[in-house]
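Presented below is the structure to which this report refers.
Order of appearance sets the numbers: ligands from 1, and atoms from 1 within every ligand.
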Amino acid sequence: MQTKLATIPVSSLKGVGPKVAEKLNRLSICSLEDLLFHLPLRYQDRSRIHPIASLQQGQTAQVCGMIEASDIVFGKRRSLVCKISDGTGILDIRLFYFSMAQKKQFVRGQYIQCYGQVSHTGKNFGMIHPELTYLKDSAIPKLQEGLQAVYPTTEGLQQRTFTSAIRQALSQLKRSNVTELIPQQWLEKLDFPPLADALMMLHQPPLDISLAALESGEHPLIKRLAFEELVAQHISLQKIKLKTQAHNAISFRQNKAKDGEFRRSLPFELTNAQNQVISEIQSDLEKKHPMMRLVQGDVGSGKTLVAALNMLTVVSANYQAILMAPTEILAEQHFKSFENWFRSFDINVTLLTSKMSAPLKRTALENIASGDSKIIIGTHALFQDQVQFNQLALVVIDEQHRFGVEQRKTLLEKSLQANQGKYRPHQLVMTATPIPRTLTQTAYADLDLSVIDELPPGRKPVTTAVVGSEKRDQVIERVKQACLNDHRQIYWVCTLIDESEELQCQAAEATHQQLIERLPELKVALIHGRMKNDLKQQVMNDFKAGKTDLLVATTVIEVGVDVPNASLMVIENPERLGLSQLHQLRGRVGRGEKESHCLLMYHGPLSQNAKQRLKVMRETNDGFVIAEKDLELRGPGEVLGTRQTGAIAYQFADIIRDSDLLPDVYFCANDLMENSPKLAEALCTRWVKSKEDLSRV
Ligand code: ADP
Ligand code: MG
């Protein structure tokens with residue numbers, strides 16, 4: 001009988017003392033088996049030397065050469081630049097952080113080996129802060145064989161600690177001493193190899209495998225592990241769902257009279273899709289366990305009213321309902337709408353945001369705690385400790401892609417305290433980010449799904465044009481005509497690449513100034529996240545009331561803002577944004593009677609990918625098509641924004657790459673949960689752990 005790797009502690013390895021062992025334990029790596037599931041992030045090919053003449057932009061390469069010259073250069077930022085030559089070309093090595101000792105090492109005639117990413121700096125190719133090795137002479141150094149795995153690391157645990165520990169664990173790995181958790185019949189059905197083979201190859205890729213094959217993930221050995229992780233994650237989400245359903249919640253019947261009265265007070269009829277989703281939510285509210293539902297609806301599909309009607313059910317029974325929005329502007333806007341809708345019902349609506357003045361906040365907090373206020377609209381401020389809810393029974397989260405799982409959990413815990421743990425509130429999350437169905441089923445398997453797949457009648461699609469920034473003057477002229485001749489209101493959106501709010505605001509301020517000077521006949525206003533709350537509110541009100549013609553804004557207006565009369569939008573540097581974000585922004589127009597337009601004013605030259613993305617925006621207004629394209633062009637991590645969205649972050653699997661596996665994943669997960677609960681449990685323990693603090697770059 002062999003000792004299982006799962007029973008051998010990591011501390012038995014050479015180089016793993018008590019301190020390292022403790023750090024590993026904190027990452028849930030206790031045994032050699034756990035260690036082998038610490039899978040590589042990517043691989044490095046250090047098995048050859050690349051001639052400088054063959055280098056390509058963006059490639060990761062290894063170069064050997066002789067130092068020709070080195071100098072400190074005073075540009076925007078001081079840097080040490082060293083030119084090396086290998087007889088085929090010159091490569092610039094650039095260091096922004098360097099010591100004088102380093103400068104002295106860069107002497108002409110010294111041979112040097114460097115490994116890093118190739119960038120284009122000036123006229124030569126270059127590398128910024130590559131890994132450097134000083135060589136004795138011009139002889140090619142001894143190179144590593146095969147591909148080298150790069151592991152995710154964390155503070156205090158170095159790459160080489162993992163490399164060495166994993167190498168030792170691999171030397172003990174046999175087919176018979178790792179725990180196979182996928183039943184044999186599933187391995188056979190899918191023609192998957194044994195676990196040990198897959199682990200061995202991922203850590204030490206054989207010489208004959210190409211890096212491309214590994215990275216594309218098509219190899220069955222990789223599929224084998226991806227399958228296992230997907231099954232584990234699916235089981236874990238199903239368990240969350242079952243657990244939620246085991247809790248109590250208040251069951252609500254619809255108040256038919258009030259519902260009818262509310263609908264009659266609206267100047268329009270709800271769409272069929274809105275009605276359908278409202279009744280799906282209503283039947284959840286009738287149950288005695290908490291609803292966990294995700295509502296998807298494209299921008300402008302009328303999600304707010306869907307929420308309002310369901311909140312009406314709850315508050316009519318004298319319970320509290322809250323609506324949480326990701327920005328102050330949006331919270332204010334919702335507050336206005338709700339005040340308006342609920343006024344005739346004598347239902348008190350309260351706003352709570354962190355930037356409210358102290359006395360206003362105090363009153364709001366009192367009303368919330370006493371239960372005088374039944375509908376509460378707010379931002380993250382609703383999480384704060386001073387907030388005490390009173391009989392909270394429904395939590396609606398708007399634009400949920402802006403909130404993390406953790407924030408949702410905090411709110412849930414709070415609401416539980418409010419009810420002395422007796423019952424849980426129903427939860428509704430709404431998103432305008434249309435996520436393709438395959439992804440939702442997997443990444444949000446703990447939620448039920450409703451889709452508002454119809455826009456209110458009379459909406460005209462937004463016509464989108466793409467123009468280069470050299471036509472800025474013409475664009476400004478067009479803005480002027482649109483306003484003076486067509487009486488349109490206009491958004492001018494400033495974006496920046498690194499989402500630094502500070503810089504974005506500065507850019508918006510500069511543009512605001514410029515447009516005031518260029519368009520003296522228009523009333524031009526500015527809004528950005530750094531402005532005082534009252535001022536922001538004032539600016540938004542004026543724009544809504546038609547007192548301003550042109551609103552210069554940062555992407556703060558991306559989510560939810562609703563001004564039907566605005567019918568032209570200029571977006572600067574659209575190439576810097578993701579498709580879904582552009583779609584959100586553009587959704588701010590096309591809400592009224594007028595035919596709407598959007599001008600995407602890019603800064604050339606555009607990459608191939610950027611060209612394609614802007615083309616998609618020009619060709620379609622359909623959020624689902626855009627989401628599919630976004631996936632294709634950027635990958636699921638970006639689209640789901642894994643960290644932020646509350647969707648799960650896979651360690652290894654990739655739901656697009658592995659989407660062919662999904663039907664079997666569901667079957668296998670259900671099979672295990674029903675027939676082999678122990679295996680199901682063990683799979684979750686193996687794969688579903690928090691590795692948040694691991695660096696994944
Ligand atoms: P989103 O789904 O993007 O959050 P909103 O809830 O902000 O959309 O609604 C967008 C606009 O459409 C609002 O002005 C709202 O009053 C209006 N609206 C909602 N439902 C309908 C409807 N059935 N018919 C006409 N207009 C509607
Ligand atoms: Mg909305």
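At least one heavy atom of G300 sits closer than 4.0 Å to an atom of ligand 1. Put simply, part of E269 is less than 4.0 Å from ligand 1, judged by heavy atoms. Every heavy atom of A432 sits 4.0 Å or more from the atoms of ligand 1.
Less than 4.0 angstrom separates some heavy atom of V299 from each of these atoms of ligand 1: 3 (O). With ligand atoms numbered from 1 in the order given, ligand 1 contributes 3 (O), 7 (O), 10 (C), 11 (C) to contacts under 4.0 Å with heavy atoms of R591. Residue L270 has at least one heavy-atom neighbour below 4.0 Å for each of these atoms of ligand 1: 23 (N). Residue G302 has at least one heavy-atom neighbour below 4.0 Å for each of these atoms of ligand 1: 1 (P), 2 (O), 5 (P), 6 (O), 8 (O), 9 (O), 19 (C). Listed by number with element, the atoms of ligand 1 under 4.0 Å from a non-hydrogen atom of Q274 are 19 (C), 20 (N), 22 (C), 23 (N). Below 4.0 Å from some heavy atom of T304 lie the following atoms of ligand 1, by number and element: 4 (O), 5 (P), 6 (O), 7 (O). Within ligand 1, counting atoms from 1 as listed, the ones closer than 4.0 Å to a heavy atom of T271 are 23 (N).
Side chains of D284 and H426: no donor on one and acceptor on the other come within 3.5 Å.
Applying the salt bridge (Lys or Arg N to Asp or Glu O under 4.0 Å) test to residues at least two apart or on different chains, the pairs with a partner in residues 532-552 are D542-K547.
For ligand 1, none of its N or O atoms has an N or O atom of Q333 under 3.5 Å away.
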Distance-only donor-acceptor hits, side chain of residues 336-344, under 3.5 Å, sequence neighbours excluded:
| unit_1 | atom_1 | unit_2 | atom_2 | d |
| --- | --- | --- | --- | --- |
| S337 | OG | Q333 | O | 3.1 |

The test is side-chain contact (heavy atoms from CB on, under 4.5 Å); show your working for I527 and Y491 and say whether it passes.
CA-CA 10 Å; I527 192 159; Y491 292 106; over 6 Å; no

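Residues T353 and A381 approach most closely at C-CB, 3.7 Å, considering heavy atoms.
Remark: side-chain polar atoms of Q391 are not paired, donor with acceptor, to backbone N or O of Y319 under 3.5 angstrom. Judged by distance alone, with hydrogens and angles left aside, the side-chain atoms of E575 form a donor-acceptor pair with the main-chain N or O of H603 at under 3.5 Å.
For the pair K303 and D398, the salt-bridge criterion is not met [side-chain N within less than 4.0 Å of a carboxylate O].
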